[in-house]
2 protein chains.
Amino acid sequence: MDAQLQRRYKARATIIKAVAHPTRLFIVEELKKQNRNAGELTEMIGADASTVSKHLSVLKNAGIISDERRGTTIIYHLQTPCILNFIGCVEEVLQAKAQDQMNIISSCKL
Amino acid sequence: MDAQLQRRYKARATIIKAVAHPTRLFIVEELKKQNRNAGELTEMIGADASTVSKHLSVLKNAGIISDERRGTTIIYHLQTPCILNFIGCVEEVLQAKAQDQMNIISSCKL
DNA sequence: ACTATATTTTGCTATATTACCAAATAGGAA
DNA sequence: TTCCTATTTGGTAATATAGCAAAATATAGT
């Protein structure tokens with residue numbers, strides 16, 4: 001694997017890593033429904049405001065969301081809705097894992 | 001956000017995290033093309049065999065790939081090809097970021 | 001300028017991830 | 001059994017991430 005290709009994979013991984021966290025996943029899904037300001041998101045999530053702010057900055061740096069100051073609050077937008085396209089697949093994986101567990105349990109009757 | 005929903009987000013994040021690494025991204029893409037054993041992947045990646053093995057186990061635990069012992073080697077399969085559906089979107093994000101950089105540079109002539 | 005509100009930044013600590021090396025395990029061949 | 005090869009496991013050090021609290025910044029209103 002040459003250096004250039006390696007950088008490409010690293011860049012991709014950085015974007016994916018940005019959504020690979022429960023809170024950030026929630027934020028992205030919520031912003032798909034409607035724009036929200038930092039305070040609203042903080043309240044929904046129920047974590048410290050500084051923590052939520054940091055998650056927002058991770059998503060912003062990745063280019064997934066954008067912010068717009070509106071007076072005293074800052075409104076966040078989902079910049080790239082397609083980033084949620086694979087949630088369906090993620091659910092498939094979870095489903096298959098659950099099925100596997102079921103099969104293991106039901107096939108090994110003690 | 002109630003506890004059940006939180007667990008759901010955490011489960012999803014775990015799956016996504018499994019592909020949020022350059023090496024693991026490479027593995028998944030390579031396995032989409034064809035099945036490979038651990039040795040082949042290790043050589044392509046150029047890291048320590050134990051390192052690659054650990055990456056493979058992360059993907060396996062997530063349910064994204066599966067393994068099959070074949071004599072002395074272990075062949076890996078991509079279990080859930082749809083997991084790569086969002087690469088197109090990731091590339092869009094990268095493209096948009098690059099464009100932003102260009103715009104900043106060309107609009108601020110010194 | 002002073003106060004109040006919204007948000008981010010900084011400092012700190014705890015936890016998690018990653019990579020390499022060495023040692024253990026599994027299977028096939030001599 | 002012994003040897004050889006393929007792969008995984010365990011240990012460890014370096015680095016990255018997450019979350020809270022305190023301090024800093026920005027804006028609007030008085």
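Below, all heavy atoms of this structure are taken into account, side chains as well, without hydrogens, waters or symmetry copies. Throughout, a chain's letter reflects where its sequence line sits, starting with A, and its residues are numbered from 1.
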Examine dG19(D): is either OP1 or OP2 under 4.0 Å from a nitrogen or oxygen in the side chain of His21(A)? Give yes or no. yes
Looking only at side-chain atoms of Thr72(B), point me to the closest of dT5(D), dA18(D), dT17(D). dT5(D)
For a quick check, tell me whether the side chain of Thr51(A) and the base of dA18(D) share a donor-acceptor pair closer than 3.5 Å. no
Please state whether the phosphate of dT27(D), meaning OP1 or OP2, lies under 4.0 angstrom from any side-chain nitrogen or oxygen of Arg70(A). no
Which part of the nucleic acid, if any, lies within contact of Lys60(B), taking any heavy atom under 4.0 Å across all strands shown: a base, the sugar-phosphate backbone alone, or nothing? nothing
From the list dA18(D), dT27(D), dT8(D), which nucleotide is the closest neighbour of the side chain of Ser50(B)? dT8(D)
Is it true that Glu91(B) and Arg8(A) have a side-chain N and a carboxylate O under 4.0 angstrom from each other? yes
Mind checking which nucleotides bracket the chain B contacts on DNA chain C, 5' to 3', with an atom under 4.0 Å from a heavy atom? dT17(C) to dG28(C)
How many angstroms lie between CD1 in Ile75(A) and CD in Gln34(A), if you round to the nearest 0.5 Å? 11.0 Å
Which listed nucleotide (dT8(D), dT9(D), dA6(D)) is nearest to the side chain of Ile74(B)? dT8(D)
Would you call Lys32(B)-Glu29(B) a salt bridge at under 4.0 Å N-O? no
Options dT9(D), dG19(D), dT8(D), nucleotide nearest the side-chain atoms of Ala38(B): dT8(D)
Look at the aromatic rings of His21(A) and His55(A) and report parallel, tilted or perpendicular, splitting at 30° and 60°. tilted
Looking at Tyr76(B), I'd like to know whether one of its side-chain N or O atoms comes within less than 4.0 Å of OP1 or OP2 on dA6(D). no
Rounded to whole angstroms, how far apart are CZ on Arg36(B) and C1' on dT7(D)? 18 Å
